[in-house]
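None of these values were measured; they are calculated from a predicted model.
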Amino acid sequence: MATLSGEVSTIIENNCAISGCHVAGTGRVDFTVKANIIQNATTIRNNTESGIMPEASSGLTLTQDEKDDIYCWVANGAQDN
């Protein structure tokens, strides 16, 4: 089972909470803040599953396993675990 402190936070740190994306000062939700990740869990799942995020212009992509980890974490209640 995927956890926030395990797989999910690593995925977000490497692909979302990076310069120019989901960090303070960008006008987007700051994913360096754990509470923001939990609060936006469903949106994160939907955007990563559909391929909207990470944006193509970022040059980043998620593997199916990474998408599955996010899906699993959200499906299990998006807990602070």
Side-chain angles (χ1 to χ4, degrees):
M1 178 171 82
T3 63
L4 179 59
S5 63
E7 299 83 1
V8 176
S9 65
T10 300
I11 295 165
I12 291 173
E13 287 170 10
N14 292 333
N15 296 281
C16 310
I18 58 173
S19 179
C21 288
H22 290 278
V23 295
T26 61
R28 297 178 180 175
V29 178
D30 184 352
F31 288 158
T32 65
V33 178
K34 183 171 35 172
N36 291 344
I37 296 169
I38 294 168
Q39 184 178 11
N40 290 279
T42 299
T43 301
I44 293 168
R45 180 196 65 205
N46 293 343
N47 288 345
T48 56
E49 282 186 331
S50 68
I52 293 172
M53 293 291 170
E55 293 179 346
S57 62
S58 72
L60 301 169
T61 59
L62 298 182
T63 66
Q64 189 60 50
D65 285 343
E66 290 170 324
K67 292 177 185 180
D68 291 346
D69 284 341
I70 292 169
Y71 181 89
C72 177
W73 172 68
V74 174
N76 285 304
Q79 298 176 36
D80 182 359
N81 56 3

- prompt: Judged by atom type as modelled, is there a donor-acceptor pair below 3.5 Å linking the side chain of T48 to the main-chain atoms of K67?
  reply: no

For [X] versus [Y], what's the shortest heavy-atom pair and its separation?
X: L60; Y: N15; value: CD1-O, 3.7 Å
X: C16; Y: F31; value: CB-CD1, 4.0 Å
X: N81; Y: M1; value: ND2-CE, 4.4 Å

- prompt: To the nearest 0.5 Å, how far apart are CG in D68 and CD in E49?
  reply: 8.0 Å

- prompt: To the nearest 0.5 Å, how far apart are CD in E66 and CD1 in I12?
  reply: 11.0 Å

Residue pair W73 / I37, side-chain heavy-atom distance below 4.5 Å: yes

message: Could you tell me if the side chain of L62 sits less than 4.5 Å from the side chain of P54, heavy atoms only?
response: yes

- prompt: Any luck finding a side-chain donor-acceptor pair between T32 and D30 under 3.5 Å?
  reply: yes

- prompt: Of I44, N47, T43, which meets side-chain contact (heavy atoms from CB on, under 4.5 Å) against M53?
  reply: N47

- prompt: L4, V29: one ILVMFWY side-chain cluster at the under-4.5 Å cut-off?
  reply: yes

